[in-house]
There are 2 protein chains.
Amino acid sequence: MSTTIDIPESSKVVKGKGVVAAPLRPGGWKKGVAIMDFILRLGAIAAALGAAATMGTSDQTLPFFTQFFQFEASYDSFTTFQFFVITMALVGGYLVLSLPFSVVAIIRPHAVGPRLFLIILDTVFLTLATASAASAAAVVYLAHNGDQDTNWLAICNQFGDFCAQTSSAVVSSFVAVVVFVLLIVMSALAMGKP
Amino acid sequence: MSTTIDIPESSKVVKGKGVVAAPLRPGGWKKGVAIMDFILRLGAIAAALGAAATMGTSDQTLPFFTQFFQFEASYDSFTTFQFFVITMALVGGYLVLSLPFSVVAIIRPHAVGPRLFLIILDTVFLTLATASAASAAAVVYLAHNGDQDTNWLAICNQFGDFCAQTSSAVVSSFVAVVVFVLLIVMSALAMGKP
């Protein structure tokens, strides 16, 4: 729709001013893509920081204890979960810092620079977010199901709240991953098509 | 280097034929990027299929057994490792199928279509490869170090060969992940810059 509207507009400009220096670029949909990019980034910030906070506050102490030992599970118990908290906080911080560039893309929808910058950094942080989300998911899976061959017992029977909280953190982080993939695809489309 | 050589070439063509229909696009470096893309893809195929094969053949039976049980560890022991084998085989298959598009990008270095296609699918398979690599890494880490709070014992003391083989599969898969990031960044640069 927007393409068919824009073509007469830009040709009018050429007739009126007689300037042919800049190549004709129909495509007001790029502004729409840039606005969508900004909104999706806000959602990804919420998902990433929410995941970090949920995982970081996961802590459960069982109501019984022996003379020498108190049964407690927190995100400190697993190195993978510590990695998850740090990485998700980093990803959230990056997304906040990337908002100005997204605004620049809204103001100047045809500029390639900000989109190129965002697509490259998005790819790097997509990898980081996916790595932490997937590794935490692997540990959560083991906590739920255990493993017979290695005699690792499922701990979710005892630490139910802990498992629920870490599982929801993992789900939230995968939301951020999906948004990242969408952001990269949208930036690539906006950059590639005229 | 190639840029400084190409600029006089393209202006020579314009002088000789007097055709100005196509916009002048300096940038023979795009052909170099496309060739690099092809070579990196070959490397990534080797890394991904190597990772799948290494993980898929990991199997160790301990030389002692009880009346009821024989101690054996293979990639079947962990759901995560099964996921790893399937995903890495998929990623390798995708990379093989993506080679023709990479060849098209070499033949027509200025065409946006094949690059756009590759960048979008690369992003999806980067996410898949990273997810399986990171989740397998989390399990390998647990196999090496165990976890005190949940009383999961490290199994690498007993299953040394199994651990070595799965660890090298994980390393190989991360090589494929790094190559994917490079491929996306290179495609984005080649698509964004004139």
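Labels below follow one simple rule: chain letters A, B, ... track the order of the sequence lines, proteins then strands, and each chain is numbered from 1. For the numbers below, each heavy atom of this structure counts, side chains included, while hydrogens, waters and symmetry mates do not.
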Max heavy-atom pair count under 4.5 Å with chain A, selected residue of V177(B), L189(B), N151(B), V124(B)
L189(B)
Let's go through I119(A) and I119(B) carefully: what are the C-alpha distance in whole Å and the side-chain angles of both, what is the deciding distance for side chain to side chain contact (heavy atoms under 4.5 Å, CB included) to 0.1 Å, and is it a yes or a no?
CA-CA 10 Å; I119(A) 213 172; I119(B) 212 171; 4.3 Å; yes
How long is the span from the CG atom in D147(B) to the OG1 atom in T79(A), to the nearest 0.5 Å?
7.0 Å
To the nearest 0.5 angstrom, please state how far the CD1 atom of I184(A) sits from the CD1 atom of I184(B).
6.0 Å
Identify whether [X] and [Y] are in the same connected component of the hydrophobic contact network (ILVMFWY, side-chain heavy atoms under 4.5 Å).
{"X": "V181(B)", "Y": "L95(B)", "value": "yes"}
{"X": "I107(A)", "Y": "I35(A)", "value": "yes"}
{"X": "M36(A)", "Y": "V33(A)", "value": "yes"}
{"X": "V185(B)", "Y": "L121(A)", "value": "yes"}
{"X": "V96(B)", "Y": "V103(B)", "value": "yes"}

F180(B) and T123(A), any side-chain heavy atoms less than 4.5 Å apart
no
Do any of residues 38-57 of chain A have a heavy atom less than 4.5 Å from a heavy atom of chain B, and if so, which, in residue order?
none
So if I take each residue of residues 127-138 of chain A and look for any heavy atom under 4.5 Å from a heavy atom in chain B, which residues do I end up with?
T127(A), T130(A), A131(A), A134(A), S135(A), A138(A)
With a 3.5 Å cut-off and no angle check, do the side chains of Y141(A) and T80(B) form a donor-acceptor pair?
no
Can you tell me which portion of L126(B) sits under 4.5 Å from chain A's heavy atoms? Options are side chain, backbone, both or neither.
side chain
Checked W152(A), F83(A), F159(A) vs chain B; the most non-hydrogen pairs under 4.5 Å come from W152(A)
Tell me if the CE atom of M186(A) is crowded by more than 12 foreign heavy atoms within 6.0 Å.
yes
